[in-house]
Amino acid sequence: MSSRGRGPGAQSQVVYAAGLVQGIVLVTFPAASTIFTSASSYGLSSSQYGGIFLPQAITAVGSSLLQGNLSRRLGGKPVYLAGLCANLAAMILLIASRFVMGSQVVAYPVLLVATASLGVGFGLTVPSINTFTAAFHPAAVDRSVLVLNSLLGLGTALAPVFVAIFVGLGFWVGLPVLAAAAVTALLLASVRLPLTTAASGHAAGRQPAQPRPPGHRAPIPAAFWLFAAFAVLYGFCETMNGNWSQLDLTSLKVSATVAALALTVFWAMVTAGRVLFAVIQGWFPSRLAYHLLPFVLAGAFVLISALPSRAPVAGVLAFALAGFGCSALLPLTISFGQERLVSMSAVVAGPIIAFYQLGYGIAAFGVGPLRRAGLTLPDLYGASAAVAVTLGLLSLAVAHRRPSPRSLHPRPQPMTTAQPAPELIS
């Protein structure tokens, strides 16, 4: 490859492509929920289906917390490539599970390892590509990060579409095959690129990092725990929609194709809402959106809990409203954190994402035992409305007397920041 092909333009294109592919990979497992629970396929119960996401939550939390330190010590490129390899391993294992799905004793452990790999891939790749895109567009950081996250959101919306297409063709495993091919292409393209930033030279060994004084720990601001609680509740609410929507709608006698469409529309509205609020924040303060969206989400949960049987249009519209309600909440939480938690602003994104993943794990895993105890998915969506209302009340404390963030999408921090990590992520 010529030096021209290794320039910032080529690097930006690969990073943007990584955002799109990461979105597809991330939603591959939830998009195939009806396959996992079908008696003619894996035959998983609700508890078993929810259980496959527990390793993903655990490894995503750990890798999100470690990603910053690993990037500073090893360099951004090796960590990013490791994330891609973990994503590829997840897809290969999912494909392999297809050949043993008749035996849960064999297939289920394979699925658990696959989702654990997916958690590592998410935790290492997403922060890396956000940092890269900001570094490659120093004069337009906000726009470039918005584009990247929009592409990631587009990927999450495309995954259910691909599943529906491949299921219609009688080859549902086509989605992980497609995702594995895309990740492989990314790996081959990325290995040939420098993927260095102005800040990453230190991490690559040109200037060793300064050792942390023995016993030194930056204190965790008390206000951080408000952000952590918000992230947990938001992760729960998002996952109730992202992981359980298809099973809810199919239980209401809606076709699997329409259920996949509802999941697509949910993720599409999450992305569209983030773009919308980034564009209009000049005249519609993002702080106001932060306070209103949880109550929109609560209303969507009430509608979902009251959906009648065989109402495909109402189901799609209800999950579309839920996606809009979720849209700007997570990026704004990180943005508020970066501006309010000054003592840990350079590293706040990792812990917030970790607590978001904790909420993901609670909803992904916890619904199964509750269903086994006799609660229905409509019951749980109704209860989730109370969680969303709590989220709205908590938003008043998180953004108490704070101006709107300068950018809806938080700015990634350099990989070599000298700011000491607080004890939470040391």
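All values below come from the heavy atoms of this structure, side chains included, with hydrogens, waters and symmetry mates left out. Values in this document were obtained by computation on a predicted structure and should not be read as measured data. Positions are given from 1, in the same order as the sequence printed here.
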Open item on the list: Taking the side chain as everything from C-beta on, heavy atoms only, tell me whether Leu292 gets closer than 4.5 Å to Phe284.
Closed with: yes
- [ ] Might you work through the side chain to side chain contact (heavy atoms under 4.5 Å, CB included) test for Val302 and Tyr381, ending with a clear yes or no?
- [x] CA-CA 7 Å; Val302 171; Tyr381 277 110; over 6 Å; no
Task: Minimum heavy-atom distance between Ser63 and Gly123, given as atom pair plus value - done: OG-CA, 3.2 Å
Task: By side-chain contact (heavy atoms from CB on, under 4.5 Å) - contacts of Ser97 (at least two apart) - done: Tyr42, Leu94, Val110, Leu111
In residues 384-393, what donor-acceptor pairs under 3.5 Å come from side-chain atoms, sequence neighbours left out?
from, atom 1, to, atom 2, distance (Å)
Ser384, OG, Leu380, O, 2.8
Thr390, OG1, Ala386, O, 2.9

Task: Partner set under side-chain contact (heavy atoms from CB on, under 4.5 Å) for Gln48, not counting sequence neighbours - done: Leu44, Ser45, Gln104, Tyr108
- [ ] Determine, stepwise, if the pair Phe336 / Thr333 fulfils side chain to side chain contact (heavy atoms under 4.5 Å, CB included).
- [x] CA-CA 5 Å; Phe336 275 118; Thr333 302; 6.0 Å; no
Task: Closest heavy-atom pair and its distance - Val254, Ala259 - done: CG1-N, 4.2 Å
Open item on the list: When you measure from the side chain of Ser117 to the backbone of Ala90, do you find a donor-acceptor pair of N or O atoms at a distance under 3.5 Å?
Closed with: no
Open item on the list: Could you measure the distance from the CZ atom of Phe171 to the CZ atom of Phe166? Nearest 0.5 Å is fine.
Closed with: 7.0 Å
- [ ] Report the distance from atom NZ of Lys77 to atom CD of Gln11, rounding to the nearest 0.5 Å.
- [x] 8.5 Å
- [ ] Provide the closest heavy-atom pair for Gly51 versus Pro55 in the form atom of the first, atom of the second, distance.
- [x] O-CD, 3.4 Å
Open item on the list: For Phe99, I'd like to know if atom CZ has over 12 heavy atoms of other residues, nucleotides or ligands within 6.0 Å.
Closed with: no
Task: Any donor-acceptor pair under 3.5 Å from Arg98 side chain to Leu93 backbone - done: no
- [ ] Can you measure from CG (Leu321) to CE (Met269) and round to the nearest 0.5 angstrom?
- [x] 8.0 Å
Task: Side chain Thr376, main chain Asp379, donor-acceptor under 3.5 Å - done: yes
Open item on the list: Under a plain distance cut-off of 3.5 Å, with no hydrogens placed, do Ser128 and Gln67 share a side-chain donor-acceptor pair?
Closed with: yes
Task: Beyond-backbone contact of Leu293 with Ser327, side-chain heavy atoms, under 4.5 angstrom - done: yes
Open item on the list: Closer than 3.5 angstrom, by distance alone: can the side chain of Arg274 be matched with the main-chain N or O of Ala328 as a donor-acceptor pair?
Closed with: no
Task: CD-CG distance between Gln22 and Leu124, expressed to the nearest 0.5 angstrom - done: 9.5 Å
Open item on the list: I'd like to check the ring-ring contact (aromatic ring centres under 6.0 Å, His included) partners of Tyr360; sequence neighbours left out, ordered by chain and number.
Closed with: none
Open item on the list: Show me the pairs that pass side-chain hydrogen bond (donor to acceptor under 3.5 Å, both in side chains) and involve residues 251-273, at least two apart or across chains.
Closed with: none
TODO: Evaluate the side-chain proximity of Phe136 to Ser144: yes if any heavy-atom separation is below 4.5 Å, no if none is.
DONE: no
TODO: Locate the shortest heavy-atom distance separating Pro78 from Leu74; write the atom from each residue and the value.
DONE: CG-O, 3.5 Å
- [ ] Tell me, with the steps shown, if Phe301 and Cys237 meet side chain to side chain contact (heavy atoms under 4.5 Å, CB included).
- [x] CA-CA 9 Å; Phe301 278 136; Cys237 291; 3.9 Å; yes
TODO: With sequence neighbours excluded, tell me which residues meet side-chain contact (heavy atoms from CB on, under 4.5 Å) with Val279.
DONE: Val275
Open item on the list: Do Val163 and Leu263 make a side-chain contact, defined as non-hydrogen atoms from C-beta onward lying under 4.5 Å apart?
Closed with: no
- [ ] Please name the pair of heavy atoms, one in Pro312 and one in Val258, separated by the smallest distance, quoted to 0.1 Å.
- [x] CB-CG1, 3.6 Å
- [ ] State, with a plain yes or no, whether a side-chain heavy atom of Ile165 is found less than 4.5 Å away from one of Val161.
- [x] yes
- [ ] Would you check, one step at a time, whether the test ring-ring contact (aromatic ring centres under 6.0 Å, His included) holds for Phe266 with Phe324?
- [x] CA-CA 8 Å; Phe266 167 75; Phe324 186 74; over 10 Å; no
TODO: List the atom of Gly325, the atom of Val296, and the distance in Å for their closest heavy-atom pair.
DONE: CA-CG1, 4.1 Å
Open item on the list: Quick check: do Asn243 and Ser33 have side-chain heavy atoms less than 4.5 Å from each other?
Closed with: no
Open item on the list: The test is side chain to side chain contact (heavy atoms under 4.5 Å, CB included); show your working for Met91 and Val25 and say whether it passes.
Closed with: CA-CA 8 Å; Met91 295 299 98; Val25 170; 3.8 Å; yes
Task: Any side-chain heavy-atom pair of Gln56 and Phe122 under 4.5 Å - done: no
- [ ] Using a 4.5 Å cut-off on heavy atoms from C-beta on, say whether the side chain of Asn241 contacts that of Leu297.
- [x] yes
Open item on the list: Using 30° and 60° as the class boundaries, would you call the ring planes of Tyr49 and Phe53 parallel, tilted or perpendicular?
Closed with: perpendicular
Task: Short side-chain donor-acceptor distance under 3.5 Å, Ser46 and Arg371 - done: yes
Open item on the list: Tell me if a side-chain donor or acceptor on Thr59 pairs with a main-chain N or O of Ala116 at a distance below 3.5 Å.
Closed with: yes
Open item on the list: How long is the straight-line distance from CZ of Phe36 back to CD1 of Ile52, given to the nearest 0.5 Å?
Closed with: 4.5 Å
Validation: residues 347-354 side-chain donor-acceptor distances under 3.5 Å, sequence neighbours left out:
none

For residues 145-152, which side-chain N or O atoms pair as donor and acceptor with protein atoms under 3.5 Å away, sequence neighbours left out?
from, atom 1, to, atom 2, distance (Å)
Asn149, ND2, Asn130, OD1, 3.2
Asn149, ND2, Val145, O, 2.8
Ser150, OG, Leu146, O, 2.7

Can you give me every donor-acceptor pair (side chain of residues 174-190, partner residue at least two apart or in another chain, under 3.5 Å) with its distance?
from, atom 1, to, atom 2, distance (Å)
Thr184, OG1, Ala180, O, 2.8
Ser190, OG, Tyr80, OH, 2.9
Ser190, OG, Leu186, O, 2.7

- [ ] Kindly write out the residues that satisfy side-chain hydrogen bond (donor to acceptor under 3.5 Å, both in side chains) with Thr37, not counting sequence neighbours, or none if the list is empty.
- [x] none
TODO: Using only heavy-atom distances, determine whether the side chains of Gln246 and Thr250 contain a donor-acceptor pair under 3.5 Å.
DONE: no
Task: side-chain contact (heavy atoms from CB on, under 4.5 Å) against Leu396, all qualifying residues, sequence neighbours excluded - done: His291
Task: Any donor-acceptor pair under 3.5 Å from Ser245 side chain to Gly242 backbone - done: no
Open item on the list: Measuring from atom CZ of Phe230 to atom CG of Leu330, what distance do you get when rounded to the nearest 0.5 angstrom?
Closed with: 9.0 Å
Task: Pairs meeting criterion side-chain hydrogen bond (donor to acceptor under 3.5 Å, both in side chains) with involvement of residues 230-240, two or more places apart - done: Tyr234-Glu238, Glu238-Tyr356
